[in-house]
Amino acid sequence: QAPVGGPPAEIAVSTSVSVRVHGAASASGLRVVLADVSAPSSPVTVASAVAAAADGDAQTLVLDVPSSVDATAESYEFRLFRASAADTSTPLASHDVKVFKSLASLSSSGVAGGTAGESSQSSATSDSQTNGAKNALVLETDKPTYRPGQTVRARALALDALSLRPVKGAVTFVFRDPNSFVAMRVTADADVYGVASASLPTSLEPTLGDWFVEASFLETGDGDSISTPSRAISAAPASFVLEKYVLPTFEVAVATESADVLRGVDTIKGAVSATYTHGARVAGTVDLSVWQKTFSFGGGGEYDEPPMVPMMFADEMATEETAGGVQGSASDATYRLVKRFPSVALDAESVDGVAFELDVSDASPGVDYGWGGWGGGGAPALVVEATARDASTGETQTGTASVTPRYRAFEVSIKGPSLFKPGTDAEMVLEAKTHDGAAVVGAFATKTTFHKTDGGSSTTTNAIELTAADQGLKRFYVRVPLNDAACCRVSDLTSWRSGSCCLNGASVELERNTASLRSVADGVAAGAGDVDDFAPYASWYGSMAVPVGVLDAFVTIAGAPYERVSVGSTIAATVDSSFDPPGGAFDWAVVAPGHGVLHHGSVTKGGTLSFTATEAMRRDATLVAYVAHDGAGGEATNVVACAKKVGVTFADDPENGFGLPETLALALDASEAAPGDTVRLTANSSAPGSRVFVLAHDVSVLIQAGGRCSAMSASKILAASAAAGGGGGGPPPPPP
């Protein structure tokens with residue numbers, strides 16, 4: 001038995017890749033060959049390494065991939081031979097690989113760490129990847145709104161979606177008016193910094209309304225003059241408004257104490273303030289009202305940016321939302337008045353604004369809190385609107401804040417493996433948090449039902465205690481029973497047989513009707529456990545894993561991190577199985593695209609392994625634990641394995657799991673200036689030789705645009721990277 005342990009799915013020319021092999025001593029030496037098998041009858045060896053019998057049974061070999069390898073070819077394999085065998089003979093094992101022109105051009109997928117990312121069995125699998133770089137294009141305009149006659153300036157940034165480094169190429173800008181007619185089309189080169197720009201002078205009598213600028217990009221690569229269509233990408237269109245307006249002199253800000261309002265509490269607390277663009281507070285009055293959407297796009301009613309519209313003059317109105325990425329007809333964004341409140345005075349001397357406490361318990365019709373079924377949610381957002389009137393000029397401005405109605409005080413989720421493995425402990429995670437992100441503490445219980453093909457079932461329970469130290473998330477383990485060999489055969493798992501009693505799935509469900517769960521609700525908000533249907537629903541279902549050749553021969557990995565970790569962190573995990581491994585231990589390895597084996601070792605059943613997270617794991621590494629079950633048969637039927645995804649954060653933001661590869665800091669030499677004064681802006685970058693692109697405009701422009709931001713931001717770059725399949729994946733990006 002001589003399996004190749006965890007070959008990389010992707011390698012790059014002019015690099016070295018590490019491959020783990022087993023069986024060198026028993027086979028009197030092994031040789032690993034990277035071969036071009038485009039002509040199967042006459043494979044061509046492009047790189048090789050030998051594992052001498054005297055150096056031990058398990059070895060890590062290093063192959064140097066020459067620069068002459070054709071990265072456009074599709075037929076490459078790692079092939080394993082006895083050291084004495086010819087390269088043209090039948091290999092002991094083989095695995096497909098993809099070859100790329102550089103490490104930077106490797107394809108990538110987002111981190112899916114945790115039990116859901118677990119694969120069940122044989123190492124004889126290969127992933128199909130896209131052979132080519134994944135680029136992203138981000139677009140901005142210098143302002144979100146313009147007057148007729150002003151010039152619209154657009155700028156695009158092209159970058160590698162994984163490394164977030166700039167990419168050279170050509171960017172085509174297309175400016176469209178509200179009727180989608182093309183006003184201008186222009187192509188500009190993206191320089192070595194990945195930036196291209198274009199300008200649209202507007203006429204004094206243009207078509208008013210919402211305009212769009214689109215951008216597409218073709219990478220020119222390393223000296224190429226023509227790119228391939230597969231490397232063409234487009235940016236999300238950027239919208240801007242062309243209208244006749246007078247810039248506002250002050251802004252209204254509404255801040256709520258909580259992003260949610262609970263069923264049974266029915267009170268929204270917060271503060272409202274009005275501030276001139278030069279920083280002073282406005283004296284006058286403010287009218288407060290609460291509105292609610294009458295239609296939701298299917299979940300939670302949460303929208304990134306509430307519409308800045310004057311809703312106080314009608315009991316029902318319709319608007320179109322384009323900010324925050326929501327577009328639709330007027331009927332898609334209709335609001336109904338929930339309740340108006342008496343005017344209150346704005347004090348120019350108030351630092352914190354005017355506090356409010358809005359009781360909507362007596363609103364008619366009342367607040368729609370959605371429903372409490374599976375998944376919860378369904379409640380359209382509430383919008384707190386404040387219209388301030390300047391006592392000296394009579395000018396009015398409006399500000400809003402969005403609040404989400406919550407049917408329950410907290411929510412619970414249960415996650416686990418997609419495949420349950422008989423004879424092992426299934427790693428589950430229970431998470432309980434309020435919707436403002438606060439951790440929930442208390443006692444929870446779950447019931448697990450194991451389903452059988454003959455309709456029978458068995459159950460087991462778990463008690464989970466969440467403490468403050470758990471921060472609302474805790475792992476627990478469900479013991480999966482073995483199949484009954486008297487009525488379950490290996491063949492029953494792939495074909496139906498009358499009388500079979502094999503396990504075919506498991507469901508884990510939160511026990512809702514417990515006194516401890518009611519106490520949990522009361523701990524979140526007083527009286528929250530007294531309302532009907534206070535307890536959330538939470539469950540998880542998974543199928544039973546199909547064994548490879550041997551009934552109920554399974555391996556599991558528990559304790560691996562579910563999120564990205566910072567470089568230098570120690571990652572630990574426990575390996576368990578439904579059988580005793582031959583030799584008393586499992587082999588394990590950490591494999592990363594482009595690098596191969598980064599770490600390796602052995603671990604006993606129930607033992608813990610550990611390794612250090614490195615920069616090479618940014619493209620996602622795979623932790624694999626494996627063993628030959630009994631030494632009989634080939635690797636496809638005998639090697640039993642388990643795999644978990646692990647990854648590292650970008651260096652500057654380990655807490656949130658994403659970030660930009662370099663840091664940039666801006667500083668002004670003055671916080672106030674008079675017209676005509678010179679203000680000095682200093683930029684400091686962590687990357688010497690960087691070019692800094694600056695965008696600046698008056699804050700009143702943002703007020704006029706209702707809070708819409710047209711500028712490029714870290715979150716927009718990371719979102720575009722994630723959409724292209726790069727390293728910006730993971731948790732959702734923060735607001736710009």
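Heavy-atom basis, side chains included; hydrogens, waters and symmetry copies ignored. Positions are given from 1 along the sequence.
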Using residues 479-487 as the side-chain source, report each donor-acceptor pair under 3.5 Å to any protein atom, sequence neighbours left out, with the distance given to one decimal.
| from | atom 1 | to | atom 2 | distance (Å) |
| --- | --- | --- | --- | --- |
| Arg479 | NH1 | Asp425 | OD1 | 3.2 |
| Arg479 | NH2 | Gly423 | O | 2.9 |
| Asn483 | OD1 | Leu503 | N | 2.8 |
| Asn483 | ND2 | Asp552 | OD1 | 2.9 |
| Asp484 | OD1 | Ala486 | N | 3.0 |

Distance-minimising heavy-atom pair for [X] and [Y]:
X      : Y      : result
Ala49  : Leu61  : O-CD1, 3.8 Å
Val603 : Thr608 : CG2-N, 3.7 Å
Ala521 : Phe534 : CB-CD1, 3.8 Å
Ala643 : Thr622 : CB-CG2, 3.7 Å
Ser89  : Phe81  : O-CE2, 3.2 Å

Hey, is the main chain of [Y] close enough, under 3.5 Å, to the side chain of [X] for a donor-acceptor pair?
X      : Y      : answer
Ser500 : Arg497 : no
Gln59  : Ala52  : yes
Ser578 : Phe554 : yes
Asp57  : Ser26  : yes
Arg564 : Gly647 : no
His599 : Thr612 : yes
Ser495 : Asp492 : no
Ser577 : Phe579 : yes
Arg408 : Asp533 : yes

Could you grab the distance from atom [atom1] of [X] to atom [atom2] of [Y], nearest 0.5 Å is fine?
X      : Y      : atom1 : atom2 : result
Glu10  : His595 : CD    : NE2   : 11.0 Å
Leu419 : Ser543 : CG    : OG    : 6.5 Å
Leu34  : Ser48  : CG    : OG    : 9.5 Å
Leu473 : Leu466 : CG    : CG    : 8.0 Å
His451 : Ser507 : NE2   : OG    : 3.0 Å

### Query
Can you list the residues that meet the salt bridge (charged side-chain N to carboxylate O under 4.0 Å, His left out) rule with Asp470, with sequence neighbours excluded?
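Applying salt bridge (charged side-chain N to carboxylate O under 4.0 Å, His left out) to Asp470 gives Lys474.
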
### Query
With a 3.5 Å cut-off and no angle check, do the side chains of Glu509 and Tyr541 form a donor-acceptor pair?
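Looking only at side-chain atoms, Tyr541 and Glu509 do not form any donor-acceptor pair under 3.5 Å.
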
### Query
Using a distance-only test with no angle check, is there a side-chain donor-acceptor pair under 3.5 angstrom linking Thr60 and Arg20?
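The criterion, which ignores hydrogens and geometry beyond distance, is satisfied for Arg20 and Thr60.
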
Side chains of [X] and [Y]: closer than 4.5 Å at any heavy-atom pair?
X      : Y      : value
Thr446 : Thr461 : no
Leu80  : Pro91  : no
Trp540 : Val478 : no

### Test log, rule side chain to side chain contact (heavy atoms under 4.5 Å, CB included), inputs Lys433 and Glu431
CA-CA 7 Å; Lys433 290 189 176 183; Glu431 184 174 17; 3.6 Å; yes

### Query
Sulfur to sulfur, is the gap between Cys501 and Cys488 shorter than 2.5 Å?
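Answer is no, sulfur atoms not closer than 2.5 Å.
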
### Task
Please check if atom CD in Glu465 has more than 12 non-hydrogen atoms from other residues, nucleotides or ligands closer than 6.0 Å.
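Yes - once you tally the heavy atoms of other residues, nucleotides and ligands closer than 6.0 Å, there are more than 12.
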
### Task
Any chance you could lay out the side chain to side chain contact (heavy atoms under 4.5 Å, CB included) test for Leu510 and Tyr537, step after step, and finish with the verdict?
CA-CA 7 Å; Leu510 176 70; Tyr537 291 89; over 6 Å; no

### Message
Check the orientation of Tyr626 and His22. Use parallel for under 30°, tilted for 30 to 60°, and perpendicular for over 60°.
### Response
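Perpendicular: the ring planes of Tyr626 and His22 meet at over 60°.
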
### Task
Assess whether side chain to side chain contact (heavy atoms under 4.5 Å, CB included) is satisfied between Asp70 and Tyr76, documenting all intermediate values.
CA-CA 10 Å; Asp70 182 6; Tyr76 284 96; 3.9 Å; yes

### Task
Please report the C-alpha distance between Val32 and Val50 in whole Å, then the side-chain angles of each, then the deciding distance to 0.1 Å, and finally whether the side chain to side chain contact (heavy atoms under 4.5 Å, CB included) criterion is met.
CA-CA 6 Å; Val32 174; Val50 175; over 6 Å; no

### Query
Going through the checks in order, is the side-chain hydrogen bond (donor to acceptor under 3.5 Å, both in side chains) test met by Asp576 and Thr424?
CA-CA 7 Å; Asp576 201 0; Thr424 67; over 6 Å; no

### Task
Quick one: which residue pairs count as a salt bridge (Lys or Arg N to Asp or Glu O under 4.0 Å) with a foot in residues 82-94, not counting sequence neighbours?
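Non-adjacent pairs meeting salt bridge (Lys or Arg N to Asp or Glu O under 4.0 Å): Arg31-Asp87.
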
